[in-house]
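Heavy-atom basis, side chains included; hydrogens, waters and symmetry copies ignored. Naming: A, B, ... by sequence-line order, numbering from 1 per chain. Please read all numbers here as calculations on a predicted model, not as lab measurements.
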Amino acid sequence: MAFALPVHPMKKGDHLFLVDGSGYIFRAYHALPPLTRKSDGLPVGAVSGFCNMLWKLLQNARDTNVGVTPTHFAVIFDYSSKTFRNELYSEYKANRTEPPEDLVPQFGLIREATRAFDLPCIEKEGFEADDLIATYARHAVEAGGDATIISSDKDLMQLVGPCVSMYDPMKDREIRVPEVIEKWGVPPEKMIDLQALTGDSIDNVPGVPGIGPKTAAQLLEEYGDLDTLLDRASEIKQNKRRENLIAHADNARLSRELVRLRTDVPVDEGIDAFQLNPPDGPKLIGFLKAMEFTTLTRRVAEATGADAAEIEAATVEVAEGAAAHGPDLTVPSSGTGEAGAEGEVAPAGPRGETPHQLAKNLADQAATTAIDRTAYECIRTTERLEHWIGEAREAGIVAFDTETTSLDPMQAGLCGVSLAVAPGRAAYVPLSHKDGSGDLLGGGLIEDQIAEEEALTLLKPLLEDASVLKIGQNLKFDWLLLYRKGIEVAPYDDTMLISYALEAGAGHAGGGHGMDSLSERWLGHVPIPYKELTGTGRNQITFDMVEIEKATAYAAEDADITLRLWHVLKPRLVANGLTTVYERLERPMISVVGRMEHRGIQVDRQILSRMSGDFAQTAAGMEEEIYELAGDRFTIGSPKQLGEILFGRMGLPGGAKTKSGQWSTSAQVLEELAAAGHALPRRIVDWRQVTKLKSTYTDALPGYIHPETGRVHTSYSLASTTTGRLSSSEPNLQNIPIRTTEGRKIRRAFVAPEGCRLISADYSQIELRVLAHVAEIPQLRQAFADGLDIHAMTASEMFGVPVEGMPGEVRRRAKAINFGIIYGISAFGLANQLAIPREEASAYIKRYFERFPGIKDYMEETKAFARQNGYVETIFGRRAHYPEIRSSNPSVRAFNERAAINAPIQGSAADIIRRAMIRMEGALADAGLGEVKMLLQVHDELIFEAPVDLVEKAIPVIRETMESAAFPARNLSVPLQVDARAADNWDEAH
DNA sequence: GTGGTCTCCTA
DNA sequence: GTAGGAGACCACA
């Protein structure tokens, strides 16, 4: 260990150690025993290896093969592998692997570990660790010192020289010039040329096909360097090798720029700041204890003379790739920002600008370059289509949009496809446009259109190409349409979901995250309205009847706008720390939900038809009685007429008024009148129930049965709630009745096919559990840990009534209060719910806050946060915006405050089930349960269809996946509980 | 035909 | 008291 020296600049004889932190993480993860976990399950294997390595280098470097003691020390990380270039091309990386889930939390922990060792933790936005290491190594040498790079990455070997060496901490092996030559056959200064020839499949550096390290070394030995080799490539005897070198010379030069490290990064910290100081024993021990590294804790205590028993474990936050570093989730890539931009984003600006400037320029360009609809091409031949596909491949990115005959992706026919490869460079491929000259059966196909099948055959490889990023707006629609046609679009981005991650609830003009409002908001451009082409109402035509010229302007514009929006919005994810939310919670839902919608659920038409008949008879009888009691025939379904009868002619005491000043005829009002002994209101309530069930469910559902699949395919909206919940429509399958016996029967029409069962798995009390976690309420946590009846526990705590033999009414009130808390309680609302005086409700709330003071704190903190920031966050970092929370109108403000209190709870629960859904297919497949299909989501419930013989095996897999869904991103302080059951129909399964 | 209002279904 | 979607009615075009 170095002595405590006064600050001094690095000088001759000094030795700088530069640890490649990001590289180490991946290497340690794979090299060390996989299942090192803390007692609470947190995986810490890589952190453990990292700490041991640091300690060894700091304490006993001389005893290792490094052989020298450092005077300066720094740990370097990738700021985020999503530097601008990854932002633009993250999907461009072939073979890019997502890090394993149990490695993810360790990214943040390793930074924490570095700080606990009191070592500089260096990263710089827009640059990779390798570039920083190269720059600092140069600084050290220029100051007359030496540098040792702690890494075994071949990408860094180009830096090795007389004063710079490398050290592989796993093998305790030094890497100097002879070692590089031994391993690669070339000296360090030729490593760049060697890598340019061999390429790198992980980082997607192209290189020259057919040339591996052996051949590359031999060629460089013979020709000296890459330029000479390429100039004299024609002399090479081997035919294939010569042709490849000539054909891929440009790739080799590009690759050289990708692998060359930059030594001129404008760093924020000088190397003088890396001077090594003695460790802060207690601080380090606190961290090590928190990690439960007992052996190392003991060693550090011995070496620093601290008493480990006296020191408390530190509190260590586990973030899922801490917000600002979410992009660290991808494997680091090589190359510099400027080189990566070469030839691919040429319009963006001169070389040498930082990646973020480049991204900003692209965004500005996308937003400000005028949209010229006359510049779009109409693609009418396969040759032109192939040309555009080539352009898309070259760009590595393509926005696309499908034009169809219907808004329902399960029914829609394809009219055409549009593509955009750069802002302003867009085209439309008409496939099935008609001129109306044909007969009524739809003849009159216009000539000079590529046949759909032919076009899709050409497009499929592009749409499925792992190295080309596809961009859509509301992509689930196009994804599902193409999925029906045997194309699985990947990889992709969705501008609607990016916008949603950025500002759910922000509520700007135009409402949501549709293309028209996004275009207006971000590009200042109003796209051609769809209705301008198709008309509206009874004269509306389908898109295939639109003139091709107009269709081209419209469709190509959509693709153009989508691409521009992506340039503008995608960088904002990084800037706002929302990349992780988008990549882990939003984007993966497209294919998961797309498949669910595609599967649909079987609905028994007979059951519904029979019920409709029964309901019709019942309602007819009721109507006669109602007319009798009212003394007149009227439209019972008209609240206005009903109000006039009840409160006008019959003179019953009116209760509440509606917004527009009418007497309310809500069920609540009618129930009160019925309780007061009036006959008519009771009949009305019953009639409404029956007609509601008939019109909304038993009559409507059969109309949604798909003509070909015979099943019902709902459509889930991924971006229409403020909190992160899904919504379901056409039909809405998230509001199928359950509360009443009559209504519940409708669920019996949702069935499993012959030989299968439906499995229903639902989270028990998930929102209260989330509340107990986020508000840190000890009694609630304990009650959940003990598996108690949470409402009874609440009642017992509040009213002092023992749980044994508690009256139902007492528990019911506590339950209402618990729900009220989740909804951002008000005395008014609780009084309403429980039909008690407001004063009494007030007293309940007061007592609740006294018993659970953490709740009050949570509410106040949440409101303050929302006022301060205009949004609130779920435990996974999803944001829900409440721009009106600062309204001067007290009722608007109060409403927003309640919503802001509710959103983190409802939204965290929504995030958890999203995580479960995203993992479910893989979990089932891993268990050999690929035939078990997830069909529906109802906020806290998932419905599956499974072959009978797989049901018993599937249930534990489903339950386990759901119960562990928060992990490892978050360690909930409360267990999640899932109840699951199987049956022939949804009623009995639930 | 479109849009607002009222009511009611779910978590 | 939170978050949704949908059907019926009705006034407006």
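Counting any heavy atom pair closer than 4.0 Å across all strands shown, A/I822 reaches no nucleic acid atom. The residue A/L733 sits apart from the nucleic acid: no heavy atom pair falls under 4.0 Å. Here A/G637 lies in heavy-atom contact (under 4.0 Å) with sugar-phosphate atoms only. Note on A/A667: only backbone sugar-phosphate atoms sit closer than 4.0 angstrom, heavy atoms only; bases stay farther off. Within 4.0 Å of A/I736, counting heavy atoms only, lie sugar-phosphate atoms of the nucleic acid but no base atom. Within 4.0 Å (heavy atoms only), A/E730 reaches sugar-phosphate atoms of the nucleic acid but no base atom. A/A841 comes within 4.0 angstrom of nothing in the nucleic acid, heavy atoms only. Residue contacts for A/E767: at a heavy-atom cut-off of 4.0 Å it reaches no nucleic acid atom on any strand shown.
With sequence neighbours left out, A/R812 forms a salt bridge (charged side-chain N to carboxylate O under 4.0 Å, His left out) with A/E809.
Closest to the A/T723 side chain, of the nucleotides B/dA11, C/dA3, B/dT7, is C/dA3. With distances taken from any side-chain atom of A/T696 to the nucleotides C/dA3, B/dC8, C/dG7, the minimum falls on C/dG7. Here the nucleotide nearest the side chain of A/V938, chosen from C/dG7, C/dG4, B/dA11, is B/dA11.
Residue A/K640 has no polar side-chain atom (N or O) positioned under 4.0 Å from OP1 or OP2 of C/dA8. Checking the phosphate oxygens (OP1, OP2) of B/dT7, a side-chain nitrogen or oxygen of A/T665 falls inside 4.0 Å. Contact between the side-chain N/O atoms of A/S728 and the OP1/OP2 oxygens of C/dG5 is not found at any separation under 4.0 Å. Considering only side-chain N and O atoms, A/T536 lies under 4.0 angstrom from the phosphate OP1 or OP2 of B/dT2. The shortest distance between the side-chain N/O atoms of A/Q937 and the OP1/OP2 oxygens of B/dA11 is not below 4.0 Å. Taking side-chain N and O atoms only, A/S664 has a distance below 4.0 Å to OP1 or OP2 of B/dT7. Between C/dA3 and A/R725, no contact under 4.0 Å exists linking OP1 or OP2 to a side-chain N or O. Using a 4.0 Å cut-off, some side-chain N or O of A/T722 falls inside it from OP1 or OP2 of C/dG4.
Put simply, the side chain of A/E850 does not reach to within 4.5 Å of the side chain of A/M798, judged on heavy atoms.
Put simply, the side chain of A/Q734 and the base of B/dT10 share no donor and acceptor less than 3.5 Å apart. On a pure distance criterion of 3.5 Å, a polar donor-acceptor pair joins the side chain of A/K692 and the base of B/dC8.
Atoms CG (A/N732) and C1' (C/dG5) sit 5 Å apart, rounded to a whole Å. Counting to the nearest Å, the P atom of B/dT5 and the NZ atom of A/K657 are 17 Å from each other.
Under 4.0 Å is where a charged nitrogen must lie from a carboxylate oxygen, and between A/R725 and A/E767 at least one such pair does.
Applying the side-chain hydrogen bond (donor to acceptor under 3.5 Å, both in side chains) test between A/S760 and each of A/R981, A/E988, A/E941 identifies A/E941 as the sole match.
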Derivation and outcome, salt bridge (Lys or Arg N to Asp or Glu O under 4.0 Å), residues A/K846 and A/E839: CA-CA 10 Å; A/K846 184 155 171 278; A/E839 294 70 33; over 6 Å; no

